[in-house]
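Structure first, commentary second.
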Amino acid sequence: MPELPEVETVRAGLESLITGRTVLACSVLHPRPVRRHERGVDDFQATLVGRTFATPRRRGKFMWLPFVDGDALMAHLGMSGQFRVDSPAAPLLSNTRVLVDLDDGQQLRFVDQRMFGGVWVSPGGADLPEEVRHIALDPFDPHFDAVKVAHRIALKHSGIKRVLLDQTVVSGIGNIYADETLWRERLHYDTPAASLGIRKLAATLRTARSVMAEALTQGGTSFDALYVNVNGESGYFDRTLHAYGQEGRPCDRCGAPIRRDHFMNRSSFFCPRCQPRPRRQG
DNA sequence: CTGTGGTCCTGTATGC
DNA sequence: TGCATACAGGACCACA
């Protein structure tokens with residue numbers, strides 16, 4: 001369940017379940033999700049043992065589980081990653097990739113169908129892992145400044161959706177929340193970002209924040225069993241979506257059928273009447 | 001710098 | 001029924 005609200009739902013779930021827990025054992029069932037651990041699978045399994053988790057952190061879609069010794073277990077959910085906390089006796093879900101036994105008798109499990117995600121250890125990464133330094137602040141960060149980011153976006157020669165999805169400009173927004181934000185702001189995905197002006201850009205960033213905050217209260221967006229929280233529960237924000245996945249359904253504002261375009265090698269959902277393509281550049 | 005297209009994977013839905 | 005194709009909440013890289 002991998003945009004900011006889904007990752008934050010998982011992070012918060014892990015916070016209550018693993019903070020203060022010590023690792024007793026680790027078992028990697030598939031090497032691929034550990035590919036970013038530079039010292040290899042065996043080292044990954046061995047190096048976790050005896051470590052104690054501090055409070056899980058997040059920036060954008062990256063999450064890390066700091067250890068009290070200053071290193072961190074990095075995690076990215078990719079398209080289909082999940083963390084589950086279960087009894088070791090509970091049957092394994094298919095696509096379970098990594099098992100971590102904890103000192104309270106529970107087991108932390110990383111499950112990932114497509115394996116675009118992964119887990120690895122970041123030496124010294126407890127505060128701000130090196131792997132996350134190129135990722136911009138997300139709209140939930142206390143230091144996030146919408147006006148400042150708007151000024152940066154205003155210099156870009158690029159379409160607004162492309163910019164919203166650029167994790168080095170603002171992080172945490174993915175395809176669902178980009179489309180929902182643009183629908184609320186009545187913006188076509190290919191509107192030149194620089195043409196919008198600082199006020200509109202800042203408003204768009206604040207809208208992105210509120211859409212994701214709303215989704216967070218619903219536990220995120222789950223379309224299927226691939227996206228669930230650490231207890232296996234689904235989120236319910238899919239009931240609130242106005243654009244994403246709504247192709248052919250009437251726009252909740254004007255009734256025109258929602259359209260789907262291919263854009264950036266994925267889909268863009270939008271209302272052709274509320275969000276018309278701008279007639280000219282600039 | 002901007003944009004495109006491919007790559008990494010598994011699984012489901014749809015169409016012929 | 002089988003088989004092929006399209007598509008999926010992401011990140012990264014090579015290349016024009």
Side-chain angles (χ1 to χ4, degrees), chain A residues 1-11 29-36 58-63 74-83 93-98 110-120 129 131-136 138 152-182 189-195 208 211-212 215-216 218-229 234-241 243-248 260-269 281:
Chain A
M1 37 198 293
E3 297 181 44
L4 189 154
E6 294 77 30
V7 178
E8 174 57 22
T9 297
V10 171
R11 189 211 63 78
L29 307 183
H30 196 301
R32 174 124 193 105
V34 185
R35 67 194 176 283
R36 291 193 70 174
R58 182 190 55 73
R59 176 182 283 188
K61 304 170 199 170
F62 281 82
M63 175 167 37
M74 287 297 311
H76 198 290
L77 302 180
M79 290 285 268
S80 54
Q82 297 178 23
F83 274 116
L93 294 167
S94 54
N95 305 315
T96 300
R97 309 304 188 189
V98 179
F110 184 70
V111 182
D112 190 357
Q113 176 189 105
R114 297 177 71 183
M115 298 186 288
F116 292 171
V119 289
W120 67 98
E131 294 88 336
V132 173
R133 281 201 311 233
H134 68 296
I135 300 295
D138 64 60
R152 195 169 155 219
I153 294 175
L155 300 174
K156 294 221 164 260
H157 297 253
S158 190
I160 184 63
K161 182 170 179 181
R162 204 177 290 279
V163 173
L164 291 177
L165 291 175
D166 184 343
Q167 305 296 302
T168 70
V169 174
V170 50
S171 69
I173 303 171
N175 211 26
I176 295 178
Y177 299 107
D179 281 1
E180 292 303 303
T181 298
L182 294 172
Y189 56 83
D190 220 7
T191 309
S195 73
V211 171
M212 294 194 290
L216 184 56
Q218 309 291 308
T221 304
S222 307
F223 298 122
D224 51 43
L226 287 186
Y227 307 98
V228 295
N229 73 11
S234 293
Y236 296 103
F237 194 68
D238 60 308
R239 299 170 185 175
T240 311
L241 296 176
Y244 187 87
Q246 308 301 305
E247 182 181 20
R260 177 170 71 132
D261 277 6
H262 291 284
F263 179 67
M264 291 176 74
N265 268 342
R266 56 215 309 195
S267 293
S268 258
F269 297 91
Q281 305 277 315

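Each chain gets a letter, A, B and so on, in the order the sequences are listed, and its residues count up from 1.
One interatomic measurement links the two molecules: CE of Met264(A) to P of dG6(B), which rounds to 15 Å at whole-angstrom precision. Note: CG (Asn175(A)) to C1' (dA11(C)) measures 14 Å, nearest angstrom. When the P atom of dC12(C) is taken as reference, atom CE of Met79(A) falls 14 Å away, rounded to whole Å. As rounded to whole Å, 14 Å separates atom P of dA8(C) from atom CZ of Phe263(A). Here dT2(B) presents its C1' atom at 16 Å from CD1 of Ile153(A), a figure rounded to the nearest Å. For the pair Glu6(A) CD and dA8(C) C1', the computed distance is 14 Å after rounding to whole Å. In this structure, the CG atom of Asp112(A) is 12 Å from the P atom of dC9(B), given to the nearest Å. What separates CZ of Arg133(A) from P of dC12(C) is a distance of 14 Å, to the nearest Å.
Judged purely by atom type and a 3.5 angstrom limit, Arg97(A) uses its side chain to pair as donor or acceptor with the backbone of Asp112(A). With hydrogens and angles ignored, the 3.5 Å screen pairs a side-chain donor or acceptor of Gln167(A) with a backbone N or O of Leu165(A).
Under the salt bridge (charged side-chain N to carboxylate O under 4.0 Å, His left out) rule, Asp138(A) has a single partner from Arg11(A), Arg58(A), Arg59(A), which is Arg58(A).
Here His76(A) does not reach the OP1 or OP2 of dG10(C): none of its side-chain N or O atoms lies under 4.0 Å away. Phosphate contact (OP1/OP2 of dC9(B), side-chain N/O of Arg97(A), threshold under 4.0 Å): absent. An OP1 or OP2 oxygen of dC12(C) is reached within less than 4.0 angstrom by a side-chain nitrogen or oxygen of His134(A). A close approach under 4.0 Å does occur between a side-chain nitrogen or oxygen of Asn95(A) and OP1 or OP2 of dG11(B).
In this structure, Asp179(A) pairs ionically with Lys161(A), as a charged nitrogen and a carboxylate oxygen lie closer than 4.0 Å.
Distance from the side chain of Arg114(A) is smallest for dC9(B) among the nucleotides dC7(C), dG11(B), dC9(B).
Rounded to whole Å, the P atom of dG2(C) lies 28 Å from the corresponding atom of dC9(B). Taking atom P in both dG6(B) and dT5(C), one finds a spacing of 16 Å when rounded to whole Å.
Using a 4.0 Å heavy-atom cutoff across all strands shown, Asn265(A) reaches at least one base atom of the nucleic acid. Nucleic acid contact class of Arg32(A) (heavy atoms, under 4.0 Å, all strands): sugar-phosphate only. Backbone-only engagement by Tyr244(A) is indicated by non-hydrogen atom pairs under 4.0 Å involving sugar-phosphate atoms exclusively. Using a 4.0 Å heavy-atom criterion, one finds that His262(A) contacts the sugar-phosphate atoms exclusively.
Pair check for dT14(B) finds dA4(C); Watson-Crick or G-U wobble, both atom distances under 3.5 Å. Base pairing of dA16(C): its partner is dT2(B), meeting the Watson-Crick or G-U wobble criterion (both donor-acceptor distances under 3.5 Å).
Nearest-nucleotide assignment on DNA chain B puts the 5′-proximal partner with Arg35(A), out of Arg35(A) and Ser94(A).
The closest side-chain donor-acceptor pair between Arg260(A) and Ser267(A) falls under 3.5 angstrom. Thr221(A) and Asp238(A) are not linked by any side-chain donor-acceptor pair at a separation below 3.5 angstrom, with hydrogens and angles left out of the test.
Taken residue by residue, residues 155-170 of chain A places heavy atoms nearer than 4.0 Å to DNA chain B at Lys156(A), His157(A), Ser158(A), Arg162(A).
Side-chain to base pairing of Arg266(A) with dA8(C): no donor and acceptor N or O lie closer than 3.5 Å to each other.
A stacking contact links Phe116(A) to dG10(C): the aromatic ring centre lies within less than 5.5 Å of the base's six-membered ring centre, and the planes differ by less than 30°.
Taking the six-membered ring for Trp and the full ring otherwise, the centers of Phe223(A) and Tyr244(A) sit less than 6.0 Å from each other.
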Review point. Stepwise, does the side-chain contact (heavy atoms from CB on, under 4.5 Å) test hold for Glu131(A) with Trp120(A)?
Key: CA-CA 11 Å; Glu131(A) 294 88 336; Trp120(A) 67 98; 2.8 Å; yes
Practice item. Dump the intermediate steps for side-chain contact (heavy atoms from CB on, under 4.5 Å) on Phe263(A) and Asp190(A), then the final yes or no. Key: CA-CA 9 Å; Phe263(A) 179 67; Asp190(A) 220 7; 3.8 Å; yes
